[in-house]
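Per chain, numbering begins at 1; letters A, B, ... match sequence-line order.
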Protein chains: 2
Amino acid sequence: MREILDIQKKLLPDLMDIMKKRYSILHHILISGVVGRRTLASSLDMTERVLRGEVDFLKEHGLLESDASGMKITESGRQLLEDMLPIIKIAFGLTDLEESIAKAYGLSQVIVVPGDTDTSVFTKKELGRAGAAALRKYVAKGDIIAVTGGSTMAQIANNLTISSSMKGNWFVPARGGLGESVDMQANTIASIMAKKTGGKYRLLHVPDHLGEEAYQTLIQDPQIQEVVDAVRSCRIVVHGIGDAMVMARRRKVDAETTRSLQDDGALAEAFGYYFDRQGNVVHKMPTVGLRLEDLQRTEVVIGVAGGKSKGEAIASVLRHGQEDVLVTDEAAALEIMKHV
Amino acid sequence: MREILDIQKKLLPDLMDIMKKRYSILHHILISGVVGRRTLASSLDMTERVLRGEVDFLKEHGLLESDASGMKITESGRQLLEDMLPIIKIAFGLTDLEESIAKAYGLSQVIVVPGDTDTSVFTKKELGRAGAAALRKYVAKGDIIAVTGGSTMAQIANNLTISSSMKGNWFVPARGGLGESVDMQANTIASIMAKKTGGKYRLLHVPDHLGEEAYQTLIQDPQIQEVVDAVRSCRIVVHGIGDAMVMARRRKVDAETTRSLQDDGALAEAFGYYFDRQGNVVHKMPTVGLRLEDLQRTEVVIGVAGGKSKGEAIASVLRHGQEDVLVTDEAAALEIMKHV
DNA sequence: CAGTGATGGACGTTTTATGTCCCGGGTATA
DNA sequence: TATACCCGGGACATAAAACGTCCATCACTG
């Protein structure tokens with residue numbers, strides 16, 4: 001039952017919207033008993049004309065009937081609604097989640113895929129697919145796209161395909177070396193994405209654990225400077241979101257910094273910045289690349305992360321308020337909604 | 001699984017068509033490996049532009065990809081096709097049945113509802129619903145609609161609702177008394193339909209088992225004559241189809257006639273006429289109303305009947321060649337296809 | 001190096017969807 | 001009983017989408 005709806009969502013996304021629309025109309029009429037067209041239109045937030053089109057359809061199919069006093073549901077219509085309840089619950093739980101999160105955090109789009117990345121590898125793949133689809137949607141010709149590392153980003157890279165709209169775009173790592181293993185780090189991801197889409201890429205080769213002096217020398221280097229400039233003028237950022245402590249451990253952050261992170265209540269991590277519960281930045285990794293203030297100029301910031309365990313972290317980053325698009329999974333979405 | 005599709009069909013009648021279309025495209029590309037747009041369009045019998053619209057859609061969703069050499073399916077697309085197989089099997093079975101029957105007997109539309117009327121009362125209801133929907137589709141303002149009796153017709157009447165397009169239409173019994181029980185006879189059905197739709201009705205009160213002399217007197221009666229004229233000038237006929245022997249028994253036809261029916265190979269019955277396997281009329285009930293020759297002038301003849309046991313009878317009536325629309329169920333449809 | 005078949009862009013036309021206004025008719029209320 | 005209100009449905013201009021058609025350009029093959 002669930003599978004069939006997931007399949008339909010892939011093959012007929014717009015039909016599912018129509019189904020939802022018609023269901024809402026019918027359901028509203030059922031609840032109202034008898035209701036007029038204009039009243040219904042305003043309470044469903046539709047224009048009168050488009051509601052009328054749907055109502056005419058529903059009437060033709062004998063699901064509702066109307067007389068001078070207004071519209072009411074027929075027996076077939078009532079029966080249909082009853083039969084549809086389980087379908088709607090499954091098919092549109094996610095849609096509702098998406099809309100709630102988008103509204104709560106002022107995002108322009110939220111995509112929720114079913115399942116839990118923590119427990120199902122299939123969900124992680126689906127997350128990658130959805131992330132790739134989201135990127136495909138927002139990308140334009142000649143864009144510079146900054147990406148971060150992580151297993152989720154790697155999944156997105158896997159699901160990108162060659163496409164004319166992305167041919168010739170630049171992929172760059174959002175920030176320099178952040179101490180991740182090679183196959184998950186931003187440099188790798190950027191190059192894979194470029195190869196998969198027929199785009200180009202530039203890398204930021206910045207060694208980990210740099211001393212202050214070496215760091216200053218490095219960022220003066222013209223080659224590095226050129227890439228950094230490209231990164232900071234990117235139009236699109238795609239990044240993962242992690243749990244602060246998990247990321248600190250993975251990046252082998254020293255004990256002192258780790259303790260300081262804990263004291264400051266660091267909860268989430270994204271492109272080298274650590275956020276507390278309120279979305280404040282409490283720490284940043286010492287490397288070059290995208291700075292938080294650059295995000296303001298960035299047109300599209302796409303965050304991708306899933307798993308129940310990451311829900312709270314995602315909520316923290318959202319609260320910081322720089323995100324435009326969120327791609328997540330059902331389990332994380334439910335957690336996020338607990339922290340509005 | 002099956003239910004969900006049936007439910008969705010009510011709210012999105014073209015869902016199946018679009019799903020079928022997109023599936024066919026993807027499937028064809030899968031089989032072809034790499035194929036060009038024009039080649040594909042001609043082998044799928046679509047115009048190039050329409051195909052292109054669908055292909056663009058599928059490409060955007062990452063189900064297929066294209067380069068200078070042509071289009072080919074992606075891994076997600078291949079996976080989707082695999083997942084869809086069971087759905088398609090179910091969804092297309094009925095559609096194929098509908099199309100096969102329509103083609104075999106030259107009908108303009110065939111509607112097959114799932115199930116078997118013989119074994120499931122729910123299927124019978126569904127048949128009534130589908131019959132009502134078909135009538136709704138073909139009816140126009142000011143039409144005269146001739147109907148017959150029977151339990152299936154009663155179901156149709158049950159499923160009609162008030163609608164402006166049928167308000168003011170006339171419902172008349174196709175033929176006079178045919179010896180059925182009161183609540184199933186044509187007169188009753190016509191009056192119920194009129195009440196349900198906001199239409200008007202005229203009845204044919206013709207006693208059963210009329211002698212020849214009384215019959216002649218009766219048809220001279222101006223009142224009767226008026227109704228008969230209306231019946232014969234009807235634009236739409238909706239009728240059930242029955243098994244000849246079952247009907248003969250139900251109508252308490254005398255032993256001699258019954259034997260004669262058997263000798264003549266009577267198989268099916270519709271609006272008082274009995275048909276043999278080849279669709280020839282072998283007997284007619286002695287009453288007034290619609291004659292076979294009137295059907296030629298009738299624009300829309302809708303036959304409604306279901307159940308495995310009636311399959312052969314339906315095929316006989318179809319072979320007679322006056323039907324335009326058939327509404328039946330899956331079990332009967334499968335039987336019908338055995339008799340092409 | 002010409003020929004074939006591919007994609008993707010472009011454009012005018014047709015069809016469909018939408019916004020908007022109005023009319024006549026019930027209905028509840030003053 | 002009079003009136004103000006809300007109802008469905010008709011009408012129409014306009015915006016938007018779908019469609020048919022043609023063409024430029026590119027990759028590959030013989």
remark   = A:Asp14 CG to D:dA16 P, in whole Å, measures 19 Å
query = To the nearest Å, how far apart are A:Glu54 CD and C:dA17 C1'?
reply = 11 Å
inquiry  = Any base atoms under 4.0 Å from A:Val55, or only sugar-phosphate, or nothing? Heavy atoms, all strands.
reply    = nothing
message = Under 4.0 Å from OP1 or OP2 of C:dT7: is there any side-chain N or O of B:Lys59 that close?
response = no
key: Atom NZ of A:Lys125 with >12 non-hydrogen neighbours under 6.0 angstrom   = no
key: Sidechain-backbone polar pair: A:Thr197 side chain, A:Ile162 backbone, donor-acceptor under 3.5 Å   = no
query = Whole Å only: how far is the CD atom of B:Glu65 from the P atom of C:dT7?
reply = 13 Å
task = Under 4.0 Å between any heavy atoms, over every strand shown, what does A:Gly53 touch: base, sugar-phosphate, or nothing? Just pick one.
result = nothing
message = Looking at B:Val325, is its backbone amide N or carbonyl O close enough to the side chain of B:Gln109 to form a donor-acceptor pair, meaning the two atoms are under 3.5 Å apart?
response = no
request  = Return the value, rounded to whole Å, for the distance between atom CG of A:Leu64 and atom P of D:dC7.
outcome  = 15 Å
query = Using a cut-off of 4.0 Å on non-hydrogen atoms, how would the nucleic acid contact of A:Val35 be classed: base, sugar-phosphate, or nothing?
reply = sugar-phosphate
remark   = In terms of heavy-atom contacts, B:Ala132 and B:Leu160 come closest through CB-CD2, 3.9 Å
ask   = Whole Å only: how far is the CG atom of B:Asp56 from the P atom of C:dG9?
value = 9 Å
request  = Report the distance from atom CG of A:Asp45 to atom C1' of C:dT18, rounded to the nearest whole Å.
outcome  = 16 Å
ask   = For nucleotides 18-30 of chain D, read 5' to 3', which letter fits each nucleotide if B means a protein heavy atom sits under 4.0 Å from the base, S means only the sugar-phosphate is that close, and - means neither?
value = -BBB-----S---
ask   = Do you know which of A:Asn169, A:Val301, A:Val300 makes side chain to side chain contact (heavy atoms under 4.5 Å, CB included) with A:Ile236?
value = A:Val300
ask   = Which of these, B:His28, B:Lys21, B:His27, B:Glu54, sits in a side chain to side chain contact (heavy atoms under 4.5 Å, CB included) with B:Leu44?
value = B:His28
